[in-house]
2 protein chains.
Amino acid sequence: MNDPVTDKVGGGVELATCGTNVSQDAFVSTGPFQIEGPKFRQTHMASGDAPASPTAEGRLAKEFAAPSHVEAEKALMAEFAQRHGSAGRRVVLITSGGTKVPLESRTVRFLDNFSSGRRGASSAEYFLDSGYAVIFLHRHRSLYPYTRLYSGVNLMDALQMEGEGESGRVLVDQQVLPNIGAVLKRYRAVKEAGLLLPVEFSTLSEYLHLLKAAAQALSPIGSRAMFYLAAAVSDFYIPASEMPEHKIQSSNGPLQISMKMVPKMLSPLVKDWAPQAFVISFKLETDTSILLERARRALDIYRHQAVVANVLDTRRNYVVVVTCNTQAELALTEEDAGRGVEIEERIISNLSAAHSDFIAQQG
Amino acid sequence: MNDPVTDKVGGGVELATCGTNVSQDAFVSTGPFQIEGPKFRQTHMASGDAPASPTAEGRLAKEFAAPSHVEAEKALMAEFAQRHGSAGRRVVLITSGGTKVPLESRTVRFLDNFSSGRRGASSAEYFLDSGYAVIFLHRHRSLYPYTRLYSGVNLMDALQMEGEGESGRVLVDQQVLPNIGAVLKRYRAVKEAGLLLPVEFSTLSEYLHLLKAAAQALSPIGSRAMFYLAAAVSDFYIPASEMPEHKIQSSNGPLQISMKMVPKMLSPLVKDWAPQAFVISFKLETDTSILLERARRALDIYRHQAVVANVLDTRRNYVVVVTCNTQAELALTEEDAGRGVEIEERIISNLSAAHSDFIAQQG
């Protein structure tokens, strides 16, 4: 198995950087370039990113149109959280899939982030198995819990007609959908118990507003709420005011796109929207050498509870769960993978235990 | 029904612009900006787009990496075309879905074109009903013929267990998948007769190379081949040589993306790869006022047989099929839509008749 960062990390070691009092404001006040040093790939600063920029929450309200259904979804999420919280159940908000960033008002083209939604969908199943109620905030048409197990199969190849007529019964070919009986039974049980609330987004704007709504809906249950932010959220966007209305014409020549940085919602989420909750973010990189440094920096900036750090090529069998004073490597052996064990089972086991400790500490 | 361009077009009228001998080279030699006039949204010309630029085919070979499976797919397509051509059957290549344009070598982010693949998938069914054999060159996970009818349904909600145990039979709930018996029977018949060959792409590079392979595979059957180019293909890309290897870091500040224009493959397809074939391109715009002018200009430049022109908001119930000397409006009434008639049935009926005339003229 390929464990590219193994030699750089220890399991559960306390690190010196933990607990140094570096707030996000300290970073912002020196300007975003100061974080990275002199290696600039991006070439200019838009005025909205100057040091005296407004808060993330202010920019969300001003620059991203709220979707029409956000209040209705918020009411559903609040009712869901209240119902399960009252029953003593923990509730996790999972975000899953990539966000779509339109390049035109009447959208033909958009920027997208690579994500099938597999990690979010499988994680939802393990959270449900661990006794959580799950709000599944996912990209429209991305992978869904349980159904994701058969996503590679063409529905028509999985069905058989009983007899010759068109009006007879249609059966599932269980060679094509292995284990379908057990999976269907579990899906039904979850659905009938009302343990899974799906909420959909497509665009970045929808995602950001629904995340805020979810955080506010979960805040009343305090430390029993977990945020598991696995979605692949764009770092860049084009403000609606700078977007062409119509399809960009290719006959006008090559294209220059200028994108602004998306405000980081983790900051108001942790500080204002759900300050008692247990919050986990994800860090996906392609460059192994910067992964853990970035995970640790995110914890320093946002002051949340854990970062699940992973590298694109090995994300299905190796992650590091980084907290303020620990880092735990979770890895699948060849044998695990052969038995169909998924890394998400290990991640949720680790985080569920950490969440228990967190709740106990909060009293 | 909203028919925004009705007042600008007549049905089947011969137009003065048809037959004027404007070659693509005449346009290219004045530079791409001259086509559009002074309203530039794009801001500079990359050197590769200068007047003396290499041919589209040369750029394809040089700037777009060929996928490893292209030769194997080409052999399958050639065998398919030869088999059906020998049986006197017409063969249509349908392209469907949007292309993915990576922004990084190890791709986390990409530019995408809006397309569910609905038009391509439904068109495939009507071509099959009209006696064509179909090569379906489609974006991975985009809508697929027959299966597309149930794409909005969660598989788990469509199944029922017979009895209580997990090992019993699993049945389709035909309330949830209406008409499934008839659809399944048709799918099976098409599959058993070997009339549908699926080929998948994800990236723009894969699409371009597979399109060339398909054109060369279909060329031997001459005028009995049709190209129905419904895919939403990006006009812009980033050459591999200018692409960052690793994920672009948001901490470096706002992002500037410079994209080059994608070479237009319609030109070598019509002139060199499959010169006897019947070729249809699509023109999707958001701005009604420029639609027909652009459709007609495409015919002037590429000298192919027809453009299906449509506007984003009304594309499901109104198109204009533009040929060198006709333009036919195809529209669904409210009543048609209520009965479940699809605009693709009308499009394929129109094009299939035109293809018959074309074959008769060539013969």
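Within every chain, numbering begins at 1; the chains are lettered A, B, ... in the order of the sequence lines, protein sequences first and strands thereafter. What you see is a predicted model, and the numbers here were worked out from it, not measured in a lab.
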Which heavy atom of [X] sits nearest a heavy atom of [Y], and at what distance?
| X | Y | answer |
| --- | --- | --- |
| B:L177 | A:L155 | CD1-CD2, 4.3 Å |
| A:F110 | B:N113 | CE2-C, 3.8 Å |
| B:M156 | A:I180 | CE-CD1, 4.0 Å |
| B:R109 | A:D235 | NH2-OD2, 2.5 Å |
| A:G181 | B:M161 | O-SD, 3.6 Å |
| B:Q174 | A:G168 | NE2-O, 2.9 Å |

Q: Starting from the C-alpha separation in whole Å, work towards a yes-or-no answer on side-chain contact (heavy atoms from CB on, under 4.5 Å) for B:M259 and A:I257.
A: CA-CA 8 Å; B:M259 306 190 84; A:I257 305 173; 4.0 Å; yes
Q. Which one, A:A158, A:A232, A:S151, A:G152, leads in non-hydrogen pairs under 4.5 Å with chain B?
A. A:S151
Q) Which one of B:D173, B:T147, B:V183 has the most heavy-atom pairs closer than 4.5 Å to chain A? A)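 The answer is B:T147.
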Q. For B:D157, is it the side chain, the backbone, both, or neither that has a heavy atom closer than 4.5 Å to a heavy atom of chain A?
A.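 Both parts, backbone and side chain.
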**Q.** Segment of B:S234 engaging chain A (4.5 angstrom heavy-atom cut-off)
**A.** neither
**Q.** Reported OH-to-CG distance for the pair A:Y237 and B:L255, which is rounded to 0.5 angstrom
**A.**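 It comes to 13.5 Å.
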Q: With rounding to the nearest 0.5 Å, note down the distance linking OH in B:Y187 to CG in A:L159.
A: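 Atom-to-atom, B:Y187:OH and A:L159:CG are 10.0 Å apart.
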Q.
Checking B:L171 against A:V170 for the side-chain contact (heavy atoms from CB on, under 4.5 Å) test, could you report, in this order, the C-alpha distance in whole Å, the side-chain angles of both residues, the deciding distance, and whether it holds?
A. CA-CA 6 Å; B:L171 300 171; A:V170 177; over 6 Å; no
Q. Does a side-chain N-to-carboxylate-O contact under 4.0 Å join B:K100 and A:D112?
A. no
Q. Between the side chains of B:N154 and A:Y146, is a donor N or O closer than 3.5 angstrom to an acceptor N or O?
A. no
